[in-house]
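Here the structure is laid out as structure tokens; the discussion comes afterwards.
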Amino acid sequence: HDTYLNDVIIHFYLSYLYYNLPRDSQRKVYIYPTTFYNRLCNNLRTIEQGFDVSALTQSELNHLGVRRWTKDCDIFKKQMLLIPICEDSHWYLLAVIFPGLLYDSSTMRPQTSIVVFDSVGESRVLAIQNILNYLVQEWKVKRGTVKEKERQASVNPTC
């Protein structure tokens with residue numbers, strides 16, 4: 001019979017890898033829970049809580065659903081963010097490299113890299129776009145507003 005990876009196994013293995021890093025390296029990495037991406041993209045709970053969402057963009061609405069997940073952590077001080085994602089019973093991993101360099105103020109171009117680890121080899125452009133949009137919203141919360149020119153630059157993913 002077929003056996004699939006599940007979120008418990010993925011979480012366990014990522015935690016195992018994390019806790020086997022030297023302590024100095026642990027401070028440079030943030031691993032999102034396996035349920036993060038699903039919550040980011042499916043914001044029904046936010047709507048049910050009675051927020052007035054009429055004036056919000058889709059990115060702002062999505063961020064509302066996960067805004068507390070990093071309340072005690074400034075992800076922009078990390079060197080790497082790891083985001084496990086499961087879509088259609090297939091797991092893959094996004095690694096956000098140097099999220100604190102999201103904007104280079106001199107060129108207005110994103111300096112953060114996103115690497116996709118997918119055994120199927122798909123580009124996962126939608127997932128990259130969703131994570132970039134999340135990073136822009138998180139930047140606004142943690143670092144202040146983002147200029148319109150910078151916001152537009154951030155939604156052209158390259159990997």
Side-chain angles (χ1 to χ4, degrees), residues 6-8 10-11 14-15 18 26-118 120 122-159:
N6 63 34
D7 60 326
V8 174
I10 297 295
H11 175 75
L14 288 174
S15 296
Y18 176 82
Q26 288 178 4
R27 285 182 236 134
K28 298 175 183 177
V29 176
Y30 183 81
I31 300 174
Y32 282 84
T34 54
T35 54
F36 171 79
Y37 186 76
N38 187 41
R39 175 62 62 87
L40 175 69
C41 296
N42 299 304
N43 47 37
L44 295 176
R45 182 172 173 208
T46 302
I47 294 169
E48 291 170 6
Q49 290 177 345
F51 288 98
D52 179 17
V53 297
S54 60
L56 298 180
T57 67
Q58 186 63 47
S59 295
E60 291 168 333
L61 181 61
N62 287 350
H63 185 262
L64 271 178
V66 295
R67 70 190 180 284
R68 294 186 196 130
W69 291 43
T70 58
K71 69 178 179 182
D72 296 328
C73 174
D74 185 352
I75 61 170
F76 299 108
K77 291 182 178 179
K78 303 294 183 180
Q79 290 184 4
M80 182 183 300
L81 310 175
L82 296 176
I83 305 167
I85 300 172
C86 184
E87 293 180 323
D88 300 322
S89 299
H90 174 72
W91 285 95
Y92 59 97
L93 185 72
L94 293 187
V96 180
I97 312 300
F98 297 116
L101 300 178
L102 187 60
Y103 298 110
D104 176 350
S105 59
S106 64
T107 63
M108 300 299 188
R109 291 187 186 153
Q111 299 298 305
T112 299
S113 298
I114 298 180
V115 180
V116 177
F117 296 95
D118 186 351
V120 177
E122 293 188 21
S123 63
R124 304 297 179 176
V125 174
L126 181 59
I128 292 169
Q129 182 67 57
N130 288 335
I131 294 304
L132 279 172
N133 289 339
Y134 161 74
L135 290 172
V136 168
Q137 296 306 316
E138 190 72 5
W139 184 278
K140 286 164 61 174
V141 169
K142 299 269 170 82
R143 300 284 169 98
T145 61
V146 176
K147 295 177 185 171
E148 186 61 31
K149 195 176 226 183
E150 292 172 333
R151 185 181 316 149
Q152 290 172 353
S154 71
V155 296
N156 295 314
T158 58
C159 58

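Values below: all heavy atoms of this structure, side chains included; hydrogens, waters and symmetry mates excluded.
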Hey, what do you get for [atom1] ([X]) to [atom2] ([Y]), rounding to the nearest 0.5 Å?
X	Y	atom1	atom2	answer
Leu81	Ile114	CG	CD1	9.0 Å
Trp69	His63	CH2	NE2	12.0 Å
Tyr134	Ile83	OH	CD1	7.5 Å
Asp7	Thr35	CG	OG1	7.5 Å
Ser59	Lys140	OG	NZ	8.0 Å
Thr34	Leu14	OG1	CG	8.5 Å

Does any non-hydrogen side-chain atom of [Y] lie less than 4.5 Å from one of [X]?
X	Y	result
Lys78	Cys73	yes
Asp118	His90	yes
Thr112	Leu132	no

Geometric class of the Tyr32/Phe36 ring pair [parallel <30°, tilted 30-60°, perpendicular >60°]: tilted
Test item: side-chain donor near acceptor, Asn133 and Gln129, under 3.5 Å: yes
Criterion side-chain contact (heavy atoms from CB on, under 4.5 Å) on Glu138 and Thr70, from CA distance to verdict: CA-CA 9 Å; Glu138 190 72 5; Thr70 58; 2.5 Å; yes
[X] versus [Y], closest heavy-atom pair with distance:
X	Y	answer
Ile10	Pro84	CG2-CB, 3.9 Å
Trp91	Asn6	CZ2-C, 3.9 Å
Val29	Ile31	CG1-CG1, 4.0 Å
Val116	Ser123	CG2-O, 3.7 Å

Residues, nucleotides or ligands: over 12 heavy atoms within 6.0 Å of Lys142 NZ: yes
Validation row, ring centre Phe76 to ring centre Trp139 under 6.0 Å: yes
